[in-house]
Amino acid sequence: MKITAIRSHVLQCDMPEELGYSQQYYAKRTAHLVEVTTEDGLTGWGECFGPGNVALANKTIVERVIAPMVLGMDALDRDVIWHKVYNLLRDHGQKGMPIQALSGVDIALWDIAGKAGGLPVHKLIGGAHRTDVPAYGYGMMLKRESVADHVARFRDEAAAIIGMGFTATKMKTGLGPRADVQLCAAVAASVGDARFMVDANHCYTTSDAFYVGRALDEMGAYWFEEPVAPEDLDGYRELRAGLKTNISGGEAEFARWGWRSILENRGLDIAQPEVCALGGITEYLRVLALAHAHFTPVINHVWGSAVAVATNLQLLAAMPPMPGGLHPWEPMLEFDTTENRFRDHLLTEPLDIQGQVARNGGRVAVPTGPGLGVEPDPEFIARYEIS
């Protein structure tokens, strides 16, 4: 089953409104899909994490660096392909964009393998521990408005997300420690008995993270996500030891070697790997095994198109319960409640996550079709492709 072509499709559109998080504001949405075809006529789809110009850079890596390495190889030799690409790119980046680019190719190869065998990806991994998963909805993004306007809007958005049927909700911070505590208090008061989580996108020093984190301890937040820079492993460990709120993170880490350092440092209560960035499904499974070997629960980071969502649903189905028992701790699907046409309208048969959440008590079914269980619409891709 020789690989005959690898193509990138970078999609982009204007968003209905400008949104932000602690690092930047953005007014365009981008998705980077990878299409791999074989001599047998099978096509697999993957996705690379990375917005805007990062996606364009990753497209170059996919098509001009990785593709020449693997064209003509057997598409079923996923692990062989992964290590060939990684070893040849190691001197030029063990992390970052080369690994993001490899991620999209690898996911597409898993999609092909499932289609070749007539099995969903979760069956290739070893089977489904669950046929549906609970979803949490995040929103409450930053805007160019006053703290008071943020507080009022966050209060309303949090209640609306829980009202949609999501089992929990997540908010952004990044206005400054004191203002952020006000935002968190508004959300905590608005969600009732539902869980709420806080995502700082690594905007704090350790001392400022403690200031916010101690307030979250009193409010009962479920987790405090990326409170400090991803390089600050000691800061993560200090925060985990000093706070009651769960410390989560890891979306900006790559491959098993980076994850080994995080997990051995004991700085996370909850690991959040990003399959479209860390090396694809092949490497994700190694990271998951490392996390569970350290008895660290995993809730995948999810950001992107419907291809990314479908990939994560397959992985969440195949994730073993940890630590097990009659009522084991279970993962959740992360879902962005802001407008995302590359998720909601990309597929020939939409996943309809929000509809499923409303109908099924906050739960989302795992696709059972071969491969990822979804197919992008070529006409939709053509409409939004920029390069």
Side-chain angles (χ1 to χ4, degrees), residues 3-21 23-37 43-71 85 89 93 96-109 111-112 141-143 201 251-252 274-280 301-312 335-351 353 372 374-387:
I3 298 170
T4 56
I6 299 177
R7 292 186 59 203
S8 275
H9 304 275
V10 177
L11 315 182
Q12 193 169 86
C13 66
D14 292 328
M15 296 173 60
E17 59 179 336
E18 182 186 65
L19 297 174
Y21 58 104
Q23 302 302 315
Q24 64 176 327
Y25 296 100
Y26 56 99
K28 293 182 181 293
R29 188 179 293 280
T30 309
H32 177 186
L33 306 181
V34 176
E35 179 186 12
V36 178
T37 56
T43 298
W45 292 92
E47 182 161 355
C48 304
F49 182 77
N53 290 334
V54 172
L56 294 175
N58 284 339
K59 172 185 171 69
T60 299
I61 298 172
V62 168
E63 294 186 341
R64 300 198 176 188
V65 180
I66 295 177
M69 295 180 186
V70 303
L71 288 176
V85 173
L89 292 180
M97 288 186 282
I99 309 305
Q100 291 174 348
L102 175 56
S103 299
V105 174
D106 180 79
I107 292 168
L109 294 177
D111 191 29
I112 286 172
M141 309 293 287
L142 303 185
K143 295 185 181 180
N201 293 109
E251 70 186 70
E274 169 53 74
V275 66
C276 297
L278 64 76
H301 178 265
V302 184
W303 175 269
S305 80
V307 172
V309 174
T311 301
N312 278 279
F335 184 83
D336 170 14
T337 61
T338 65
E339 190 267 356
N340 185 348
R341 69 196 68 178
F342 300 146
R343 180 195 59 218
D344 298 337
H345 306 299
L346 170 68
L347 304 178
T348 56
E349 296 183 18
L351 290 167
I353 301 295
L372 298 178
V374 298
E375 284 296 324
D377 180 351
E379 292 184 4
F380 182 92
I381 290 173
R383 189 181 318 148
Y384 289 101
E385 189 164 9
I386 61 171
S387 177

Nearest non-hydrogen partners of Ala31 and Ser305, listed with the distance: CB-CB, 4.2 Å

Distance, nearest 0.5 Å, that separates CG of Leu33 from SG of Cys276: 9.5 Å

Whether Asn340 side chain and Gly304 backbone form a donor-acceptor pair below 3.5 Å: yes

Taking every non-hydrogen atom, the tightest pair across Ile107 and Val275: CD1-O, 4.1 Å

Over all atoms of both residues, closest heavy-atom pair of Ser103 and Gly280: OG-N, 3.2 Å

Side-chain heavy atoms of Leu89 within contact of Leu102, under 4.5 Å: no

Gap separating the SG atom of Cys48 from the CE atom of Met97, nearest 0.5 angstrom: 12.0 Å

pair Glu375-Trp45: side-chain heavy atoms closer than 4.5 Å: yes

Spacing of Asp106 atom CG and Ile66 atom CD1 [to the nearest 0.5 Å]: 10.0 Å

Between Gln12 and Thr30: side-chain donor-acceptor atoms closer than 3.5 Å: yes

Value rounded to 0.5 Å, distance of CG in Leu372 from CG in Leu347: 10.0 Å

Atom pair CG (Leu109) and CD1 (Ile3), whose distance is rounded to the nearest 0.5 Å: 5.0 Å

Test side chain to side chain contact (heavy atoms under 4.5 Å, CB included) applied to Asp336 - qualifying residues, sequence neighbours left out: Arg29, Tyr138, Trp303, Thr338, Arg343

Check: Glu47/His32 side-chain N/O donor and acceptor closer than 3.5 Å: no

Donor-acceptor list for residues 14-21 side chains, cut-off 3.5 Å, not counting sequence neighbours:
unit_1	atom_1	unit_2	atom_2	d
Asp14	OD1	Lys28	NZ	2.5
Glu17	OE1	Lys143	NZ	2.7
Glu18	OE1	Arg144	NE	2.7
Glu18	OE2	Arg144	NH2	3.1
Tyr21	OH	Gln24	NE2	2.9

Short side-chain donor-acceptor distance under 3.5 Å, Asn201 and Gln23: no

Ionic contact status for Arg383 with Glu379, cut-off 4.0 Å: no

Residue pair His345 / Phe380: nearest heavy atoms and the distance that separates them: O-CD1, 3.3 Å

